[in-house]
Amino acid sequence: MPELPEVETLCRQLNTLLPGQQILAIEILDPRLGTAAGLAGRTIEAVSRQGKYIKIGAGATTPGCKPGREKRRRTEAGGPLNLLLHLRMTGRLFWQRDEAPLPPYTRMIFSFSGGRLLLIDPRRFATFSPGTAEAAPAPLANPLEEFPARRLREIAGDRRLPVKAFLMDQRFIAGIGNIYACEILHKAGIDPRRPAGSLKLAEWRKVEKSAGVVLPRAVACRGTSISDWRDLFGMSGTNQDHLEVYGREGEPCSHCGAPIERMKMSGRGTWFCPSCQE
DNA sequence: TATAATGTTAGACT
DNA sequence: AAGTCTAACATTAT
């Protein structure tokens, strides 16, 4: 469900609520998510996004730790932690101000003094790992800020991997998923089956430019709500109004009028215009 | 009832 | 070696 724009939306919203708040309790309702030992009592510092991961920085457990001892504490149990959360396909975060009934599929509850944060996840693919680790770094770590054509060409090298699979490969580029890969390539006029290494610099520039429109607009729209995506406050995003190919098989291409086609590529639905994506 | 779903990974195969 | 495909994870919606 969530790709970069959806995760970015959640992080921005979490940052308006959580920093400075102490975790009063954590309840894990789905044992696949692991254990919450040693998390209660910590204070949230900042929330950030790494690709599709949400990183919640949680301070050391012991209040009143003397300044000179900070360095040691960092390496001890009880030192600062990153709570790394990945929502995978159907994970959602939902902020509840009061103790209203839990929505179906609630898998984890973080309680704060002003409300509680719920992880809702029907398919139970979401992962939660508190620790000192960071998400695996990618050469293009944040396409929202930095997505230059030259770097894309360098990283693509002479790979024969289809350009769509390349854009979605988290080892190269962090955050792009199926919807936005389809949309970026359509706007750039590039066939998703093209080997990544076959794109010329001018074509990578089109990809850069398209991503520069598609991704920030999706963030501004608070994501794409085609089925169940909702933001932290339960609101739908509006980016579905801007989709030009994803899920639009048979509808006319916004650019040339030819009917949009759907095919399967590396196991994923792939929508494109057979006439103007070359 | 069969299929597909906004993600990732492992393993088998080419 | 690099890329493709399938299955797996668990569940819902059409």
Side-chain angles (χ1 to χ4, degrees), chain A residues 1-11 29-34 49-54 84-93 103-108 119-129 133 135-136 138 143-144 155-186 192-198 211 214-215 217-219 221-232 236-250 261-272:
Chain A
M1 174 166 62
E3 305 181 32
L4 182 155
E6 289 76 25
V7 178
E8 178 73 19
T9 298
L10 289 174
C11 286
L29 307 177
D30 179 358
R32 323 176 104 249
L33 291 166
R49 181 182 59 76
Q50 297 183 341
K52 297 174 196 170
Y53 285 87
I54 296 169
L84 278 183
L85 187 60
H86 195 305
L87 300 172
R88 308 278 165 154
M89 290 292 266
T90 52
R92 287 176 44 196
L93 291 178
Y105 316 115
T106 301
R107 309 297 185 191
M108 188 158 54
L119 170 67
I120 299 166
D121 184 24
R123 284 172 73 175
R124 300 163 69 206
F125 289 171
T127 57
F128 175 64
S129 50
L144 205 50
I155 297 163
D158 58 1
R159 286 175 194 281
R160 277 189 277 251
L161 182 72
V163 60
K164 186 197 174 211
F166 173 77
L167 291 179
M168 289 174 65
D169 193 321
Q170 306 297 302
R171 292 170 303 177
F172 304 135
I173 298 166
I176 297 179
N178 204 24
I179 293 179
Y180 299 105
C182 291
E183 294 297 317
I184 289 167
L185 288 172
H186 175 260
R193 294 165 291 194
R194 288 269 304 280
S198 75
V214 168
L215 296 175
R217 179 174 63 198
V219 172
C221 290
R222 298 178 349 277
T224 300
S225 295
I226 49 182
S227 59
D228 48 5
W229 159 254
R230 297 293 182 276
D231 72 11
L232 188 59
S236 291
T238 58
N239 193 63
Q240 58 280 13
D241 300 342
H242 298 285
L243 297 182
E244 305 201 314
V245 285
Y246 185 91
R248 309 195 57 159
E249 187 179 7
E261 283 185 15
R262 177 188 188 278
M263 64 177 171
K264 206 152 203 174
M265 259 191 60
S266 19
R268 312 299 303 275
T270 300
W271 289 263
F272 70 111

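To find a chain, count down the sequence lines: A is the first, B the second, and so on, and within it residues start at 1. Because the structure is a prediction, the values reported are computed rather than measured.
Residue A:D158 places its CG atom among 12 or fewer non-hydrogen atoms of other residues, nucleotides or ligands, all under 6.0 Å distant. Summarising the local packing, CZ of A:R217 is surrounded by more than 12 heavy atoms from other residues, nucleotides or ligands at distances under 6.0 Å.
For the pair A:M168 CE and B:dT9 C1', the computed distance is 14 Å after rounding to whole Å. For the pair A:L84 CG and B:dG7 P, the interatomic distance rounds to 18 Å; values are reported in whole Å. Atom P of nucleotide B:dT3 and atom CZ of A:R262 are separated by 12 Å, given to the nearest angstrom. Residue A:Q170 contributes atom CD, which lies 4 Å from atom P of B:dT8 at whole-angstrom precision. Here the P atom of nucleotide C:dC5 and the CZ atom of A:R160 are 15 Å apart, to the nearest Å. A straight line from CZ of A:R268 to P of C:dT6 spans 14 Å, rounded to a whole angstrom. Nucleotide B:dG7 holds its P atom 17 Å from the CZ atom of A:R92, rounded to whole Å. In this structure, CZ of A:F166 is placed 11 Å from P of C:dG3, rounded to the nearest angstrom.
For the OP1/OP2 pair of C:dA2 and a distance below 4.0 Å, the side-chain nitrogens and oxygens of A:R159 include no atom meeting the criterion. Phosphate contact (OP1/OP2 of B:dT8, side-chain N/O of A:K52, threshold under 4.0 Å): present. Side-chain nitrogen and oxygen atoms of A:H86 include at least one within less than 4.0 Å of the OP1 or OP2 phosphate oxygen of B:dT8.
Considering only the side chain of A:W271, B:dA5 comes nearest among B:dT8, B:dA5, C:dT4.
Mapping A:Y53 and A:P2 onto DNA chain B by nearest heavy atom places A:P2 at the nucleotide closer to the 5' end.
Under the 3.5 Å distance criterion, with hydrogens and angles disregarded, a donor-acceptor pair is assigned to the side chains of A:E6 and A:Y180.
A:R171 comes within 4.0 angstrom of nothing in the nucleic acid, heavy atoms only. Residue A:I226 is classed as a base contact, given a heavy-atom separation below 4.0 Å to a base. At a threshold of 4.0 angstrom between heavy atoms, the contacts of A:L161 are confined to the sugar-phosphate backbone, with no base atom among them.
Comparing B:dT3 with C:dT6, their P atoms sit 13 Å apart, to the nearest whole Å. A distance of about 16 Å separates the P atoms of C:dA10 and B:dA10, rounded to the whole Å.
Looking at every heavy atom in both residues, A:T90 comes nearest to A:P122 through O-CD, 3.5 Å. Between A:R124 and A:R32, the shortest heavy-atom distance links the atoms O-NH1, 3.4 Å. When every heavy atom of A:A181 is checked against every heavy atom of A:I176, the shortest pair comes out as N-CG2, 3.7 Å.
Partner A:R222 forms a side-chain hydrogen bond (donor to acceptor under 3.5 Å, both in side chains) with one of A:D231, A:T9, A:N239 and no other, that one being A:D231.
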Exercise. Based on Watson-Crick and G-U pairs with both distances under 3.5 Å, what dot-bracket line describes DNA chain C 5' to 3', crossing pairs as [ ] and inter-strand pairs as |?
Worked result: .||||||||.||||
For this session: Do nucleotides 7-14 of chain C as a string where each nucleotide becomes B, S or -: B if the base has a protein heavy atom under 4.0 Å, S if just the sugar-phosphate does, - if no protein is that close.
Result: --BBBS--
